[in-house]
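Below, each value reflects all heavy atoms present in this structure, side chains not excepted, and no hydrogens, waters or symmetry copies. So you know, we letter chains A, B, ... as the sequences are listed, proteins then strands, and number each from 1. Not measured: the values here are computed from a predicted model.
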Amino acid sequence: MSSLTVLEPGPLATIQDRGRAGQAALGVPTSGACDRAAYELANRLVGNAAGAAAIEVTFGGLVVHADVDLVVAITGAPCTGVPLNAPATLRAGQLLHLGAPLTGLRTYVAIRGGVDVPPVLGSRSTDLLSGLGPSPLVASQTVPIGRPVEPMPGVDLAPVAHPAGGQVVLRVTPGPRRDWFTDAGWQALVSQTYQVSSNSNRVGVRLDGTPLERARSGELASEGMARGAIQIPPSGTPVIFLADHPVTGGYPVIAYVADADLDACAQVRPGQPVRLLGL
Amino acid sequence: MRILPAGDRALLVELDDLDEVIGYYTALAADPPADVIDIVPAARTVLVTTTGDLATLSRTLHDLTPSADSRTTGDLIHIPVIYDGADLGDVADLLGCSKDDVIGRHTADEWTVAFCGFAPGFGYLTSAGDWNIPRRSSPRTKVPTGAVALAGEFSGVYPRESPGGWQLIGRTTAKIFDQERDPAALFHPGRRVRFVDAGRG
């Protein structure tokens, strides 16, 4: 069996695949890679089957040792010191050391053959909210790698843009509880420049800014929520749900982030300015 | 019924009450429209997620007829309970009856899993009985696995150790959620549940 060994996990490194969709009615969150396009690209570059598990690295810092010859591809937030968006061979005994990303937050490391830990409820994803799936990677952990099942693609380099630095604009549409907020509240949502809070994680991106005005008080009965939901808790500032979001939530959802902008949303880092553009 | 927007991949169906939710979910889950990934019932709503076209889904959801009598059609399971919960006395006081009466009522009712949430496998069970139990004023930081509890109109069983504010009336050794089992969750929406008095430990 192929494997690699984690020497340092960095701030947070987890195993991720496409997640556990289809079980939300049982209270099982979807989870899975936060930046779906970057994750899919990494797998394609090493010729992995769709849905193979890769490593999601938050803010770089991961150091791994190749226990045998491995083919890897690194996508998403561009960490220094490693080849990006291209397949690369890691010889047995070599180290792969991801520096801090120049822009963005989450980097994906796919290994040819895929990370081969036992799946839980059909997925190898770590869900930080529900606790399902493998624990986050820790130092000196051996990570098993599966056998390649598909040929390598004839691709040397994927020409993709890095996640944006500076202000990020996310398009939003009105959500089911838009009417719980005044028109002034909606305008405040789509006109102010928010700052990404350091309390953000795989469950959600929290934004700091001016609280929104509500049109009604009272409590909402908990209801189902999908990735991209913008929930407004009593603080009045938004939480945008990401991969590990709970299946249901009890605060009104004023808007949803457009599906096409969810990967960009997964790459915003604490302190970065964010604008929400009403559609 | 109202169909509310919920992003590019989902719609939120808002219904009049929990009975209608159970009937609507039962009808939808029995014959899910093409491309539907997830159907999530809750207290007053059903969230439907799709990979397909939202306008088509909206028409399908609008035309759907909720199942009648869906409370009596799901399969029935029995959950043995040792009624020695720390809040059993408080619940008896709230209901103005004895502890034995609480146990009698809890075991006499037939419960239906209305929806899940909070944690994997945590089911919100309702019955025709008149339960209206406030949550504890200060939630416990640690509720043990298998704790049988009441809150509002619901009964539930904690699938694993977690914080919780529900009133604890007993415990069960039944595995409510087991990720090695298929299906992992014992309580899925629509399933009927009877609690059986297994003594006082």
Side chain, backbone, both or neither: which part of [X] has a heavy atom under 4.5 Å from chain B?
X: Leu129(A); value: backbone
X: Asp261(A); value: neither
X: Ala24(A); value: both
X: Val120(A); value: side chain
X: Arg178(A); value: neither
X: Pro174(A); value: backbone

Mind checking whether His78(B) and Phe195(B) have ring centres under 6.0 Å apart?
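Between Phe195(B) and His78(B), which both carry aromatic rings, the centre distance is not below 6.0 Å.
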For the rings on Phe122(B) and Trp166(B), is their centre-to-centre separation under 6.0 Å?
yes
Do Ser123(A) and Asp17(A) have a side chain donor and acceptor closer than 3.5 Å?
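Asp17(A) and Ser123(A) do have a side-chain donor-acceptor pair below 3.5 Å.
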Distance-only side-chain donor-acceptor flag, Thr126(B) / Glu153(B), under 3.5 Å:
no
So which residue, Gly175(A), Ala21(A), Gly22(A), Ala226(A), ends up with the most heavy-atom pairs under 4.5 Å with chain B?
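The answer is Gly22(A).
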Does OH in Tyr251(A) sit with more than 12 non-hydrogen atoms of other residues, nucleotides or ligands closer than 6.0 Å?
no
Would one find more than 12 heavy atoms of other residues, nucleotides or ligands at under 6.0 Å from atom CZ of Arg194(B)?
yes
Closest contact, heavy atoms only, Arg171(A) versus Ala260(A):
NH2-CB, 3.8 Å
Which atoms of [X] come close to chain A, meaning under 4.5 Å heavy atom to heavy atom: side chain ones, backbone ones, both, or neither?
X: Ile37(B); value: both
X: Phe187(B); value: backbone
X: Ala43(B); value: both

Taking Arg192(B) first and then Asp75(B), would you say they form a salt bridge - that is, a charged N and a carboxylate O separated by under 4.0 Å?
no
Charged N to carboxylate O under 4.0 angstrom, Asp35(A) versus Arg106(A)?
no
With a strict 4.5 Å heavy-atom criterion, list every residue of residues 199-222 of chain A that contacts chain B, or say none.
Ala221(A), Ser222(A)
With a 4.5 Å heavy-atom cut-off, do [X] and [Y] have their side chains touching?
X: Leu41(A); Y: Asn43(A); result: no
X: Thr126(A); Y: Pro136(A); result: yes
X: Leu121(A); Y: Leu132(A); result: yes
X: Leu57(B); Y: Val36(B); result: yes

In sequence, state the C-alpha distance, the side-chain angles, and the governing distance for Trp111(B) and Trp131(B), and then conclude on ring pair (Phe, Tyr, Trp, His ring centres under 6.0 Å).
CA-CA 12 Å; Trp111(B) 298 82; Trp131(B) 299 91; 5.7 Å; yes
Walk me through it: do Arg36(A) and Asp259(A) pass the test salt bridge (Lys or Arg N to Asp or Glu O under 4.0 Å)?
CA-CA 11 Å; Arg36(A) 298 164 300 181; Asp259(A) 195 60; 3.4 Å; yes
What parts of residues 174-185 of chain B touch chain A if we use heavy atoms and a cut-off under 4.5 Å?
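Only Phe177(B), Gln179(B), Ala184(B), Ala185(B) of residues 174-185 of chain B have a heavy atom under 4.5 Å from chain A.
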Closest-packed option against chain A by number of heavy-atom pairs under 4.5 Å, given His188(B), Arg44(B), Arg160(B):
Arg160(B)
